[in-house]
4 protein chains.
Amino acid sequence: MTADRPLRADARRNRAKVLEAAETVFATRGTGASTEEIAQAAGVGIGTVFRHFPTKEALLEAVFLSRLDRLAAQLRAAADQPDPGRAFREQIALAVDASPAKNAIADALAAAGVELDAVKAGVGTGVRDALDLLLRRAQSAGAVRADLDVPTVMALLIGASYGVEAAGDDRGRRALVINVLLDGMSAG
Amino acid sequence: MTADRPLRADARRNRAKVLEAAETVFATRGTGASTEEIAQAAGVGIGTVFRHFPTKEALLEAVFLSRLDRLAAQLRAAADQPDPGRAFREQIALAVDASPAKNAIADALAAAGVELDAVKAGVGTGVRDALDLLLRRAQSAGAVRADLDVPTVMALLIGASYGVEAAGDDRGRRALVINVLLDGMSAG
Amino acid sequence: MTADRPLRADARRNRAKVLEAAETVFATRGTGASTEEIAQAAGVGIGTVFRHFPTKEALLEAVFLSRLDRLAAQLRAAADQPDPGRAFREQIALAVDASPAKNAIADALAAAGVELDAVKAGVGTGVRDALDLLLRRAQSAGAVRADLDVPTVMALLIGASYGVEAAGDDRGRRALVINVLLDGMSAG
Amino acid sequence: MTADRPLRADARRNRAKVLEAAETVFATRGTGASTEEIAQAAGVGIGTVFRHFPTKEALLEAVFLSRLDRLAAQLRAAADQPDPGRAFREQIALAVDASPAKNAIADALAAAGVELDAVKAGVGTGVRDALDLLLRRAQSAGAVRADLDVPTVMALLIGASYGVEAAGDDRGRRALVINVLLDGMSAG
DNA sequence: TATGAATGAGCATTCATTCAT
DNA sequence: TATGAATGAATGCTCATTCAT
């Protein structure tokens, strides 16, 4: 009975608009931003936000997952670069530098009692697998210490994200933070 | 700056009770915990909380600063240990492992638009100076890379706190995270 | 008054489906049930519900009237039974026992400020006339007190419906409530 | 620590104001009336309403219980009248005639899934016991049929309340409804 | 005509903050 | 100075109704 086309195009567009607006607003004003504010930023009625995301928590989660999806895609794209050590380093640096806003969202979700691991697991083979590949290759190439596994690298990534955030606007300092992390991860 | 009328003994006691309760409650239930809940935990009326801390933000700030004060004291106590490199490493590890709950508070403050740097500066010569001493000595001893300065170390500390938190309950993983950080900071 | 273009066959079918679903849903989940829920139960889109009943109130009214229609038909069918007193008693008992769900609807309508009398008048010669016939015959036969008129009997019916509802699931108690009512209405 | 006097006087007065306003507003505009409206009618802030009644449901319940309490008091006061049959009849008539607005509240509570019986039981020995006394005495005096028990009388009372309400403004008709009920309850 | 996405007014509830006692 | 009742702005969420497809 219910197909998936007619107005579905508009609906999908609205969903995307909301998601995008939410990402921006949460990043800008924090996760405490009101749903109303997001609706306005998206240019839709508040009812529309709740139609697509039945709960503020659901919206937060969706934003978080969409970020993780993008990260996974990015990591995957780097998997076939020639120099495994370099690929690893570059991706870590990129991931860390891009993530500050994600942290707040993760925090908010955690505060709401959401099982973050479960959520991440939902991304499935996403980030985890992509990272796994990058890491293994870098370790095989002798570029990264052998005692690191994916969960630990993820913890380090998260930490570095906050570290970079704490470093403020000073480009040099941010780079230094990342550099320390990479040095710590390198073999030898 | 602020006139510091010594504060009647019972008043001071109340202030301390509130601060302590706030630290516990914020750590336990998150910074979203209501002021009322803190008042109850402290065994005082809500009016008393607001008499001592005119704003929830002020209370959060006070809790954060009190933690920093304790950290400063700890760092200072380590300044005269014989082996500067070891002292540095030990203190970093200690600070990081003890800090998880602090993070949420710093986040909340940041979200509230409080200039964290300013606040930290307010601890004055506290953490900053103690850390400066430890760092310089370790660098002179050739145990820590020379391109690190205090603000960067603080950023790294903050990041490592979150990293450890993200590592979860796995003792080994937590240690590994700290280890990576220390390796990254070490000279050579 | 209202132009009654025969309504395309499928349209009529939809109208009936909605009415039926509404009756069930209102009875099951109360009159606070959302229109959306009714649409789903009827297997139609929400737009269709509103096409046939421009207002939730209108839908409620239609359900109510449809019940009254059935009641009228039932009363009419009993009009030619041989024993007028017995017919009256049986019909009263039947009407009362079947009506609990109707009460909630009548309440909701009343709460919405609908003139219930006007609505009932709309059923026209329906319940009123059928009841009139039954009552007169029973009174003529000396089975029912002479000071009762149709409006009063209707008020008693409504009251008894709620009484039975209040009696709960206890079959014996429900019967007793009806019995008291019938005794009160009987002559002598 | 917490005594029960100082500002308690004001608080109690406010609680009473809210309860009274709620009773009026619910009776006037139905139980769908907004809490805000009640706050305004009571001349207090909306927060005050929620301080005293943590939920709209709780407020509804309190209003209902307060009515039942008054009814119980009234019934109890009639217990020592000389003529038990007369006392019973008078009290039933009074209770029924005074109750219209109560019905809506009972309905709302029932709709909210509140166990009405439990609530009524909470009035404790209130209405139930007072009614029990009246009923027994009237039955002993041979004025009321012996097969009635308290729960059934309560169901009849509720039904009669609605019946009277349905009878509208016509004094004569209202009296007739009550009369039928009393006749049905009388012995012989 | 049917559909269901969009809309936004309306509601219950929370909580930081104020102030009378 | 301590208390806790009062306040009301703000928020998440629901639902009847509209309208583009």
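In this text the structure is predicted, and so the values were computed from the model without any measurement. Residue numbers begin at 1 in each chain, while the letters A, B, ... track the order of the sequences.
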*Asks:* From CD of B:Glu57 over to C1' of E:dT17, roughly how many Å is that when rounded to an integer?
*Replies:* 14 Å
*Asks:* Closest to the A:Arg51 side chain: F:dA5, E:dA5, E:dT13?
*Replies:* E:dA5
*Asks:* Rounding to a whole Å, what distance do you find between C:Arg29:CZ and F:dC15:C1'?
*Replies:* 14 Å
*Asks:* At 10 degrees resolution, what angle do the end axes of the helix from E:dA2-F:dT21 to E:dT21-F:dA2 form when each is taken over five base pairs?
*Replies:* 0°
*Asks:* Rounding to a whole Å, what distance do you find between C:Phe50:CZ and F:dC15:P?
*Replies:* 12 Å
*Asks:* If I take atom CZ in residue B:Arg13 and atom P in nucleotide F:dA2, what distance separates them, rounded to the nearest angstrom?
*Replies:* 11 Å
*Asks:* Only counting residues at least two apart or in another chain, list the ones meeting side chain to side chain donor-acceptor pair (under 3.5 Å) with D:Lys17.
*Replies:* D:Asn14
*Asks:* In whole Å, what is the span from the CZ atom of A:Phe53 to the P atom of E:dA5?
*Replies:* 14 Å
*Asks:* From the set E:dA16, F:dC13, F:dT17, return the single nucleotide nearest to any side-chain atom of C:Lys56.
*Replies:* F:dT17
*Asks:* Hey, are the side chains of B:Glu165 and B:Tyr162 touching, using non-hydrogen atoms and a 4.5 Å cut-off?
*Replies:* yes
*Asks:* Sequence neighbours excluded, which residues qualify as salt bridge (charged side-chain N to carboxylate O under 4.0 Å, His left out) partners of D:Glu37?
*Replies:* D:Arg29
*Asks:* Taking atom P of F:dA5 as reference, at what distance in whole Å does atom CZ of D:Arg15 sit?
*Replies:* 13 Å
*Asks:* Among F:dT7, E:dA16, F:dA16, which nucleotide sits nearest the side chain of D:Val44?
*Replies:* F:dT7
*Asks:* Quick one: side chain to side chain contact (heavy atoms under 4.5 Å, CB included) partners of A:Glu20, sequence neighbours excluded?
*Replies:* none
*Asks:* Between F:dA16 atom P and C:Ile46 atom CD1, what is the distance in whole Å?
*Replies:* 7 Å
*Asks:* Taking only the side-chain nitrogens and oxygens of B:His52, find out if one of them lies under 4.0 Å from OP1 or OP2 of F:dT1.
*Replies:* no
*Asks:* Tell me every residue that passes salt bridge (charged side-chain N to carboxylate O under 4.0 Å, His left out) with C:Arg13, counting only those two or more places apart in sequence or in another chain.
*Replies:* none
*Asks:* For B:Arg51, what residues pass the salt bridge (charged side-chain N to carboxylate O under 4.0 Å, His left out) criterion, not counting sequence neighbours?
*Replies:* none
*Asks:* Ignoring backbone atoms, test whether B:Asn14 places a side-chain nitrogen or oxygen under 4.0 Å from the OP1 or OP2 oxygen of F:dA2.
*Replies:* yes
*Asks:* Pull out every residue in residues 34-43 of chain D that has a heavy atom closer than 4.0 Å to any atom of DNA chain F, ordered by number, or say none.
*Replies:* none
*Asks:* Check the distance between E:dA6's P and A:Arg12's CZ and give it to me in whole angstrom.
*Replies:* 12 Å
*Asks:* Nearest to the C:Thr48 side chain among E:dT3, F:dA16, F:dT7, which nucleotide is it?
*Replies:* E:dT3
*Asks:* Tell me every residue that passes side chain to side chain contact (heavy atoms under 4.5 Å, CB included) with C:Ser66, counting only those two or more places apart in sequence or in another chain.
*Replies:* C:Leu19, C:Glu23, C:Arg70
*Asks:* Going by the rule side chain to side chain contact (heavy atoms under 4.5 Å, CB included), which residues pair with A:Gln40 if we only count those two or more places apart in sequence or in a different chain?
*Replies:* A:Glu36
*Asks:* I want to check something: taking the side chain as every heavy atom from C-beta on, are A:Phe26 and A:Ile38 in contact at a cut-off of under 4.5 Å?
*Replies:* yes
